[in-house]
Amino acid sequence: MAPSSSRNNKQEEQDQNVLRKHVAFFDMNNDGIVYPWETFQGFRAIGCGLILSSVAAIFINLGLSQKTRPVFITSLFIIFVTYMQLPTLFFFCCNNADSFIFNIILNLFPFIFLIIEVKNIQKAKHGSDSGVYDSEGRFVPSKFEEIFKKHAKKHPNALTSDELMGMLKANREPKDYKGWLASYTEWKILYVLCKDKDGLLHKETIRAVYDGSLFEHMEKEHSQKKNK
Ligand code: HEM
Ligand SMILES: [Ca+2]
């Protein structure tokens with residue numbers, strides 16, 4: 001009885017945490033936060049170049065950070081900036097003082113806006129997506145199957161570049177330009193990195209991106225290539 005119920009619990013936990021698993025790969029030191037340099041390192045680890053990794057780190061962290069931060073902390077920092085930082089800056093400049101703590105705060109400050117909290121990652125969902133992650137970040141198998149039923153015309157278990165574009169267009173919600181761009185970027189990067197030699201994006205690859213296992217696999221492949 002016990003093992004099966006603990007297995008059920010584990011399964012339940014996994015179902016609930018799939019989007020967290022997607023981003024957990026990038027939380028290199030497992031502290032529950034994805035810093036911009038961790039996004040950069042993650043992209044490098046799966047074999048992306050310097051430019052893509054840098055651009056991705058800036059845009060992903062800038063784009064998702066505020067959505068995953070607790071409202072309280074965000075408000076606290078806004079208050080801090082408005083009421084404290086500017087007068088303090090003025091005061092220190094006028095007095096030509098050199099404050100260690102002040103410099104630390106000033107230097108760390110921009111990063112507060114670039115931190116992604118893994119536990120709140122479902123709040124960073126955008127519109128015009130496939131719906132395979134639900135609002136709680138859970139994996140929805142029927143939505144996953146729907147991708148192939150609706151859009152995989154040439155091969156039942158893979159998407160061509162045109163079919164992928166067809167899916168992206170079909171998922172677009174009117175005037176949701178941010179969502180269009182976010183979905184386009186996610187799927188295009190996936191396609192460019194993982195298509196096979198015939199230009200097909202396979203179902204098992206797409207399945208593996210959802211729970212992040214794809215990233216681990218790519219990291220292994222990349223490090224094996226490097227060591228050859
Ligand atoms: C090479 C790296 C990455 C690739 C190829 C990738 C690809 C994808 C794909 C294909 C989806 C599914 C979208 C859909 O179902 O329509 C997705 C969703 C998502 N990804 Fe990534 N991703 C990457 C890295 C990241 C990173 C670093 C983060 C954040 C730290 C992130 C956060 C998200 C979030 C929040 C979603 C949910 C979007 C939604 O369903 O509205 N991803 N990603
Ligand atoms: Ca981390």
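Residue numbers start at 1 and run along the sequence shown. Read the numbers this way: they start at 1 and go in the same order the structure lists the ligands and their atoms.
- Judged purely by atom type and a 3.5 angstrom limit, T68 has no side-chain atom pairing as donor or acceptor with the backbone of I121.
- Cation-pi geometry between K125 and Y133 is not met at under 6.0 angstrom from the ring centre and within 45 degrees of the axis.
- Within 6.0 Å of CZ in F148 there are more than 12 heavy atoms belonging to other residues, nucleotides or ligands.
- Proximity to F43 (heavy-atom distance under 4.0 Å) selects the following atoms of ligand 1: 1 (C), 2 (C).
- In terms of polar-atom proximity, defined here as any N/O pair under 3.5 Å, Y210 does make such a contact with ligand 1.
- For W187, a nitrogen or oxygen atom sits less than 3.5 Å from a nitrogen or oxygen atom of ligand 1, counting backbone and side chain alike.
- The Ca ion (ligand 2) does not have V34 among its coordinating residues (no N/O/S atom, backbone or side chain, under 3.0 Å).
- Compare F139, F26, F144 by their heavy atoms: the one nearest to atom 24 (C) of ligand 1 is in F26.
- Nearest to the Ca ion (ligand 2), among the N, O or S atoms that D27 has, is OD1.
- In this pair, F25 and F215 present their aromatic rings tilted. The plane angle is within the 30 to 60° band.
- Here L214 contributes atom CG and E221 contributes atom CD; the two are 9.0 Å apart, rounded to the nearest 0.5 Å.
- The closest approach between a heavy atom of I46 and any atom of ligand 1 is below 4.0 Å.
- Between the Ca ion (ligand 2) and N29 there is an N/O/S contact shorter than 3.0 Å.
- For atom 38 (C) of ligand 1, the closest non-hydrogen atom of the protein is H126 NE2, 3.5 Å.
- Residue Y133 has no N or O atom closer than 3.5 Å to an N or O atom of ligand 1.
- Of the inter-residue distances, the one linking I206 atom CD1 with I147 atom CD1 reads 6.0 Å to the nearest 0.5 angstrom.
- Protein heavy atom nearest atom 25 (C) of ligand 1, with residue, atom name and distance: H22 NE2, 3.8 Å.
- Looking at D31 and the Ca ion (ligand 2) together, the shortest N, O or S contact belongs to OD1.
- Here the protein heavy atom with the shortest distance to atom 41 (O) of ligand 1 is D129 OD2, 2.7 Å.
- Near V23, meaning under 4.0 Å from any of its heavy atoms, are these atoms of ligand 1: 28 (C), 29 (C), 30 (C), 31 (C), 32 (C).
- In terms of modelled atom types and a separation under 3.5 Å, the side chain of D129 and the main chain of A182 share no donor-acceptor contact.
- With hydrogens left out, the protein atom closest to atom 34 (C) of ligand 1 is L19 CD1, 3.7 Å, a heavy atom.
- Close contacts between ligand 1 and I116 involve ligand atoms 30 (C) [criterion: under 4.0 Å to a heavy atom].
- In this structure, F25 has no heavy atom closer than 4.0 Å to ligand 1.
- We find that E117 and K67 are not joined by a salt bridge, their nearest charged nitrogen and carboxylate oxygen being 4.0 Å or further apart.
- Shortest contact from atom 11 (C) of ligand 1 to any protein heavy atom: E186 OE1, 3.8 Å.
- Within the 4.0 Å heavy-atom criterion, the part of L64 lying near ligand 1 is the side chain and not the backbone.
- For E219 (side chain) and A45 (main-chain N/O), no donor-acceptor pair under 3.5 Å exists by modelled atom type.
- Ring geometry for Y177 against W180 counts as perpendicular: the plane angle is over 60°, on a 0 to 90° scale with 30° as the lower cut.
- Atoms of ligand 1 found under 4.0 Å from any heavy atom of S130 (numbered from 1 in listed order, with element): 14 (C), 15 (O), 16 (O).
- Side chain to side chain, S130 and N171 fail the donor-acceptor criterion of an N or O pair below 3.5 Å.
- In this structure, R172 forms no cation-pi arrangement with Y184, as its terminal cationic atom is not both closer than 6.0 Å to the ring centre and no more than 45° off the ring axis.
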